[in-house]
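Down below is the structure, laid out as structure tokens.
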Amino acid sequence: MKYDFAAIEKKWQQNWEQSKPYAAVTGETDKPKFYGLIEFPYPSGQGLHVGHPRPFTAMDIITRKKRMEGYNVLYPIGFDAFGLPTENYAIKNHVHPAIVTKKNIENFTSQLKMLGYGFDWDRCIDTTDPQYYKWTQWIFLQMYKHGLAYKTTMPVNWCTSCKCVLANEEVVDGVCERCGSPVVRKEKSQWMLAITKYAERLLNDLDEVDYIERVKTQQRNWIGKSEGTEVDFTATNGDKLTVYTTRCDTLFGVTYLVLSPEHEILKKWKDQIVNWAEVEDYMLQAARKSDLERTDLAKDKSGVRLQGIEGVHPVSGKHIPIFVSDYVLITYGTGIVMGVPGHDQRDWDFATKFGLPIVEVVQGGDVTKEAFTIKDDTGIMVNSGFLNGMTVRAAIPAMKQYVTEKGIGRPKTNYKLRDWVFSRQRYWGEPIPMVNCPQCGWVPVPEEELPLVLPQVENYEPTDDGESPISKMTDWVNTKCPKCGGKAKRETDTMPQWAGSSWYFLRYMDPKNDTAPVSPEAERYWGPVDWYNGGMEHTTLHLLYSRFWHKFLYDIGVVHTKEPYAKRTSHGMILGEGGEKMSKSRGNVVNPNDIVDQYGADTMRLHIMFIGDFEKAVSWSNEAVKGSKRFLDRCWNLMELATDDPEISEKNMATVHRTIKKVSADIDELKMNTAIAALMAMVNEFYANGLTHGDLEVLMLLLSPFAPHMVEEMWELTGFAAQYGKMAMQMPWPQYDEAKTVESTVEMAVQIKGKLRGTVTVPVDSDEAAVLAAAKANERVAKSLEGMEIVKTILVKNKLINLIVKPC
RNA sequence: GCCGGUGUGGUGGAAUAGGUAGACACAGGGGACUUAAAAUCCCCCGGUAGCGAUACCGUACCGGUUCGAGUCCGGUCACCGGCACCA
């Protein structure tokens with residue numbers, strides 16, 4: 001009988017649709033729980049990409065094994081459906097984004113079902129569903145009430161094409177992450193979320209979670225904690241100029257100050273700056289530059305010296321020049337830098353260009369050639385008053401203490417992390433539920449009025465002044481103040497796409513609740529997520545944002561754990577043939593449908609796991625898929641070869657037990673490729689040795705998570721389904737016996753001075769004398785030993801013997 | 001520039017704690033079956049030399065530690081990802 005994958009897959013998918021073997025049971029106390037999570041997809045118009053099945057299949061295998069091991073498993077799926085591509089499609093084709101989204105979700109759903117994933121479809125969520133985003137809005141209101149959401153005018157990243165503000169984190173190489181257009185700075189009033197208030201906890205609590213190390217490192221780097229000192233300089237007009245430095249030990253080496261072009265004080269000084277026209281021109285140029293352009297100029301420093309105002313050194317009282325330069329960022333520290341050209345390379349470059357004095361305050365380098373920046377015990381302080389003779393390591397706390405006592409400075413901790421710009425002037429997002437009243441200011445929409453539903457508009461394009469399309473819906477915009485009842489206007493900004501994905505894992509626990517985002521019972525039962533796998537591209541933004549929201553929800557008692565995810569792993573990208581990124585423009589995108597049509601879903605699942613190391617990028621090859629199909633055919637054909645013996649055969653005993661051990665361990669470590677290789681090797685053994693019904697039973701159980709459709713069919717045809725009254729996926733996971741994994745003899749390598757000279761087969765655990773005797777009996781080894789004397793032997797039990805010889 | 005990661009046959013990739021490099025596959029070659037093809041089954045498959053047993057070389061490159069290095073250490077190069085004048 002032939003392996004008819006199309007009929008088999010259809011049959012079992014229909015069966016599962018009705019019998020619901022993947023339903024998670026909230027509150028089940030007889031079993032331990034396991035919550036496996038994958039990043040929910042954005043339902044794009046192109047449909048499923050071959051990159052999607054990689055993480056989905058891996059977690060499907062993990063959760064299937066967990067079920068067989070007796071866990072009550074939650075493996076949910078949903079759609080992160082707000083976002084620009086849908087909105088842009090709607091603008092272009094004049095279709096409501098909700099209609100496009102519905103169609104795309106239907107398409108994704110059928111594609112995912114086609115692959116036979118064990119998702120609990122009854123818990124499927126959609127971030128654009130008002131019943132879902134009601135709670136996204138609710139969480140925002142709680143943040144507002146706790147002082148974490150605030151509105152402020154600030155320089156923001158303005159995408160010239162999307163006509164929309166982007167978070168700093170969304171700007172990639174100076175261009176818009178989504179559309180690739182240049183980004184410029186613009187003043188705009190924005191809703192902000194104070195993620196920086198959680199910086200310390202976001203950093204420290206990484207110690208409590210099991211994330212792969214490179215993910216933790218990226219989170220730490222993104223938060224970027226730095227402990228330094230603020231020092232107050234003054235200007236000759238009496239204004240205070242506070243700088244932030246991590247090298248307060250070099251204070252005596254300061255020869256100038258630099259202001260960021262965005263610094264507020266420049267406008268205040270307008271009338272006192274003699275060369276204001278020149279300064280203003282520089283400020284305008286800097287504002288027009290994208291980060292990319294500023295970066296391009298990195299090697300060649302630019303700036304303008306202020307005429308008419310100078311700085312005053314807080315210790316020496318000396319007057320020093322003040323510059324404005326775009327190498328100083330307004331978003332980090334105080335927006336003012338003290339220039340220490342002797343000991344900071346950027347300052348050195350700047351001072352050299354503008355002919356400023358370079359003062360050496362740490363001995364150890366040659367400051368006429370380059371800055372000396374080493375800050376351990378190598379350098380000794382000079383030209384620095386009371387610091388002279390100290391090491392840098394000692395001078396930093398000494399100076400910190402000095403400026404604090406003198407009242408001209410203070411220790412200060414800074415973070416690279418900035419508050420999250422939360423407003424978007426876009427249509428296809430959650431409306432921000434706030435009302436602006438001329439009398440009362442910003443007033444939150446009452447919770448009982450949630451969800452605040454997106455109004456119908458005719459045109460989805462952002463307005464030319466950069467406001468959301470919703471701003472044109474006067475009926476919707478004009479409202480009553482919830483507080484005083486007077487005339488007021490609704491906020492027309494919407495939330496960024498990150499909002500809905502910052503808490504979705506909680507909603508899966510209790511997706512239909514209409515009185516809370518998640519019930520305490522469901523959250524206490526399922527939380528935290530036991531294992532979250534996702535792409536490296538989400539290891540900073542999404543991961544940090546959702547950890548932040550979760551910590552806030554912890555603070556207000558919605559969740560009971562500080563961290564949302566106990567474990568985080570990451571998968572590599574699937575590249576096109578030849579290692580290129582898959583993209584529409586290159587025309588190398590592989591659609592999983594084509595593979596499924598030609599080879600079946602089980603082959604697709606198996607192959608995407610076999611293709612290479614899960615954590616690394618790997619290129620797809622259509623040719624190679626055949627090998628995985630061939631393997632499944634070989635498994636199928638074993639049904640005709642198996643004898644009726646229900647026991648595991650003696651011949652295959654060690655292979656079977658070793659394979660159970662290997663496959664079990666490999667799945668737990670995401671090494672699916674070697675798990676499959678072990679199964680292939682076992683099948684090759686079965687072909688060589690013959691097999692029993694008992695051998696086949698183990699194979700089917702081990703293969704079940706990888707190729708569930710085919711295995712259930714085989715399970716039925718071989719009579720096991722009738723015998724146990726269960727599907728293979730409902731059987732206990734096979735156990736191995738360590739004693740049975742070893743064979744009675746072992747092949748050992750014989751080396752002479754580290755070079756392989758032959759192999760010998762000896763009983764397991766043979767001692768040195770026995771192995772040596774066997775080695776000497778080996779013809780090839782004996783030949784190499786002629787005229788030699790053995791001076792030393794090194795035995796590695798059951799692996800090798802190394803003979804050190806010299807001529808005799 | 002900084003941080004992180006990766007370099008292994010024609011190809012994708014294996015190789016717990018330093019212990020037989022190339023498992024398992026793809027492609028290729030040979031054979032069996034077949035009228036033929038497909039499918040299936042069996043064998044070979046890093047390089048050089050040799051009919052051959054075998055010898056030498058071989059995990060990006062240079063050096064080191066070690067009885068023994070793909071694995072550890074120092075340096076170099078290349079590629080990938082992230083961040084970027086973070087003071």
Side-chain angles (χ1 to χ4, degrees), chain A residues 2 169 172-174 213-215 217-218 220-222 224 226 228 243-247 250 258 291-292 294-295 297-299 301 325-329 331-334 336-340 343-347 349-350 373 414-418 536-537 539-540 572-573 575 577-579 581 607 610-613 615-628 630-631 633-634 637 665 669 671 673-681 683-684 687-688 747-759 779-780 783 791-805:
Chain A
K2 218 179 150 264
E169 292 91 334
V172 175
D173 289 336
E213 206 48 45
R214 63 195 158 124
V215 170
T217 306
Q218 282 209 25
R220 289 194 189 104
N221 289 348
W222 194 266
S226 124
V243 303
Y244 173 75
T245 179
T246 54
R247 292 294 305 275
T250 62
V258 194
D291 278 358
L292 183 65
R294 280 196 184 192
T295 309
L297 295 170
K299 293 250 152 59
K301 296 275 181 292
S325 173
D326 64 6
Y327 86 93
V328 176
L329 302 179
T331 44
Y332 187 76
T334 61
I336 311 176
V337 168
M338 62 180 207
V340 187
H343 306 285
D344 182 286
Q345 193 57 42
R346 287 153 306 180
D347 295 348
D349 293 342
F350 190 82
T373 57
N414 262 338
Y415 299 91
K416 282 204 298 198
L417 185 68
R418 291 169 218 154
M536 275 312 274
E537 71 273 20
T539 50
T540 43
M573 240 195 300
L575 305 170
E577 305 209 23
K581 208 170 169 174
H607 190 67
F610 183 60
I611 197 166
D613 185 336
E615 293 203 339
K616 289 188 199 142
V618 73
S619 37
W620 179 266
S621 159
N622 274 331
E623 268 300 298
V625 183
K626 272 192 265 180
S628 299
R630 205 172 282 160
F631 169 65
D633 281 330
R634 279 164 70 79
N637 292 337
E669 290 165 40
K671 290 159 90 176
N673 53 338
T674 49
I676 293 166
L679 289 169
M680 287 174 167
V683 168
N684 290 345
Y687 271 91
E747 191 184 62
M748 287 179 67
V750 182
Q751 293 181 341
I752 293 175
K753 287 167 87 174
K755 289 209 175 210
L756 184 69
R757 279 295 177 269
T759 58
E779 204 180 320
R780 208 177 134 197
K783 210 176 148 193
V791 292
K792 194 178 171 188
T793 13
I794 294 146
L795 181 85
V796 182
K797 211 176 183 186
N798 297 329
K799 289 244 161 149
L800 62 73
I801 187 163
N802 190 5
L803 309 175
I804 313 306
V805 298

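As the structure is a computational prediction, the values presented were derived from the model and not from experiment. Order of the sequence lines fixes the chain letters, A, B, ..., with proteins taken first and strands second; residue numbering starts at 1 for each chain.
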(request) Go through B:G4, B:C67, B:A84 for me and flag the one nearest to the A:Thr217 side chain. (result) B:G4
(message) In whole Å, measure the gap between the C1' atoms of B:A53 and B:C80 for me.
(response) 46 Å
(message) Rounding to an integer number of Å, can you tell me how far A:Asp633 CG sits from B:A39 P?
(response) 11 Å
(request) Quick one: label A:Val750 by what it contacts on the DNA or RNA (base, sugar-phosphate, nothing), any heavy atom closer than 4.0 Å. (result) nothing
(message) Using atom P in both nucleotides, what's the gap between B:G58 and B:U71 to the nearest angstrom?
(response) 13 Å
(message) In whole Å, measure the gap between the P atoms of B:U54 and B:U35 for me.
(response) 42 Å
(request) Round to the nearest Å and state the distance from A:Leu417 atom CG to B:A84 atom P. (result) 13 Å
(message) Would you compute the distance between atom OG1 of A:Thr759 and atom CZ of A:Arg780 and round it to the nearest 0.5 angstrom?
(response) 8.0 Å
(request) Based on the glycosidic angle (syn within 90° of 0, else anti), state the conformation of B:G9. (result) syn
(request) Please check if the side chain of A:Asn802 supplies one atom and the backbone of A:Gly754 the other of a donor-acceptor pair under 3.5 Å. (result) yes
(request) Hunt down any stem RNA chain B takes part in, defined as 3 or more consecutive Watson-Crick or G-U pairs whose two distances are each under 3.5 Å. (result) B:1-7 with B:77-83, B:10-12 with B:24-26, B:28-32 with B:40-44, B:46-49 with B:54-57, B:60-64 with B:72-76
(message) Taking ring-ring contact (aromatic ring centres under 6.0 Å, His included) as the definition, give me every residue that meets it alongside A:Phe350, ordered by chain and number, with sequence neighbours left out.
(response) A:Tyr256, A:Phe323, A:Tyr327, A:Phe354
(request) Measure from the side-chain N and O atoms of A:Asp347 to the backbone N and O of A:Gly339, and report whether any donor-acceptor pair falls under 3.5 Å. (result) no
(message) Taking only the P atom of each, what is the distance from B:U8 to B:C57 in whole angstrom?
(response) 22 Å
(request) Looking at every strand, decide which applies to A:Lys2 at a 4.0 Å heavy-atom threshold: base, sugar-phosphate, or nothing. (result) nothing
(message) Please classify the nucleic acid contact of A:Ile804 as base, sugar-phosphate, or nothing, using heavy-atom distances under 4.0 Å.
(response) sugar-phosphate
(request) Kindly write out the residues that satisfy salt bridge (Lys or Arg N to Asp or Glu O under 4.0 Å) with A:Glu615, not counting sequence neighbours, or none if the list is empty. (result) A:Arg214
(request) Let me know the distance between CG of A:Asp613 and P of B:G5, rounded to the nearest Å. (result) 14 Å
(message) Check this one for me: any side-chain N or O of A:Tyr327 less than 4.0 Å away from OP1 or OP2 of B:A87?
(response) no
(request) Under 4.0 Å between any heavy atoms, over every strand shown, what does A:Arg757 touch: base, sugar-phosphate, or nothing? Just pick one. (result) sugar-phosphate
(request) Determine, for nucleotides 20-27 of chain B in 5'-to-3' order, which nucleotides have protein heavy atoms under 4.0 Å from the base (write B), from only the sugar-phosphate (write S), or from neither (write -). (result) B--BBSSS
(message) Please enumerate all residues that pass side chain to side chain contact (heavy atoms under 4.5 Å, CB included) together with A:Asn673, with sequence neighbours excluded.
(response) A:Lys671
(message) Please give the distance between the P atoms of B:C56 and B:A21 as a whole number of Å.
(response) 13 Å
(request) Looking at every strand, decide which applies to A:Lys416 at a 4.0 Å heavy-atom threshold: base, sugar-phosphate, or nothing. (result) base
(request) Could you tell me whether A:Asp347 contacts a base, only the sugar-phosphate backbone, or nothing, with contacts defined as non-hydrogen atoms closer than 4.0 Å? (result) nothing
(request) Enter syn or anti for the glycosidic conformation of B:A17, syn applying to angles within 90° of 0. (result) syn
(message) Between B:G31 and B:C45, how far apart are the two C1' atoms, rounded to whole Å?
(response) 15 Å
(message) The criterion is side chain to side chain contact (heavy atoms under 4.5 Å, CB included); which residues satisfy it with A:Asn798, sequence neighbours excluded?
(response) A:Val746, A:Val764, A:Asp765
(message) Between B:A36 and B:A27, how far apart are the two P atoms, rounded to whole Å?
(response) 23 Å
(request) Looking at every strand, decide which applies to A:Ala665 at a 4.0 Å heavy-atom threshold: base, sugar-phosphate, or nothing. (result) nothing
(message) Suppose you measure atom P in B:G7 against the same atom in B:A14; what distance do you get, rounded to whole Å?
(response) 9 Å
(request) Please identify each residue that fulfils salt bridge (Lys or Arg N to Asp or Glu O under 4.0 Å) with A:Arg220, with sequence neighbours left out. (result) A:Asp207, A:Glu213
Please write out each protein N/O paired with an N/O of nucleotides 57-59 of chain B under 3.5 Å, distance rounded to 0.1 Å.
| residue | atom | partner | partner atom | Å |
| --- | --- | --- | --- | --- |
| B:C57 | OP2 | A:Lys755 | NZ | 2.8 |

(message) Over all strands shown, is A:Asn221 touching base, sugar-phosphate only, or nothing at heavy-atom distances under 4.0 angstrom?
(response) sugar-phosphate
(message) Checking A:Lys792 now: which residues fulfil side chain to side chain contact (heavy atoms under 4.5 Å, CB included) with it, not counting sequence neighbours?
(response) A:Ile794, A:Ile804
(message) Suppose we screen for salt bridge (Lys or Arg N to Asp or Glu O under 4.0 Å). Which residues come up paired with A:Lys799, at least two apart in sequence or across chains?
(response) none
(message) Among residues at least two apart in sequence or on other chains, which ones pass ring-ring contact (aromatic ring centres under 6.0 Å, His included) with A:His607?
(response) A:Trp620
(request) Report the residues that fulfil salt bridge (Lys or Arg N to Asp or Glu O under 4.0 Å) with A:Lys753, sequence neighbours left out, ordered by chain and then residue number. (result) none
(message) Under 4.0 Å from OP1 or OP2 of B:A55: is there any side-chain N or O of A:Arg780 that close?
(response) yes
(request) Nearest 0.5 Å please: distance from the OG1 atom of A:Thr245 over to the CG atom of A:Asn414. (result) 11.0 Å
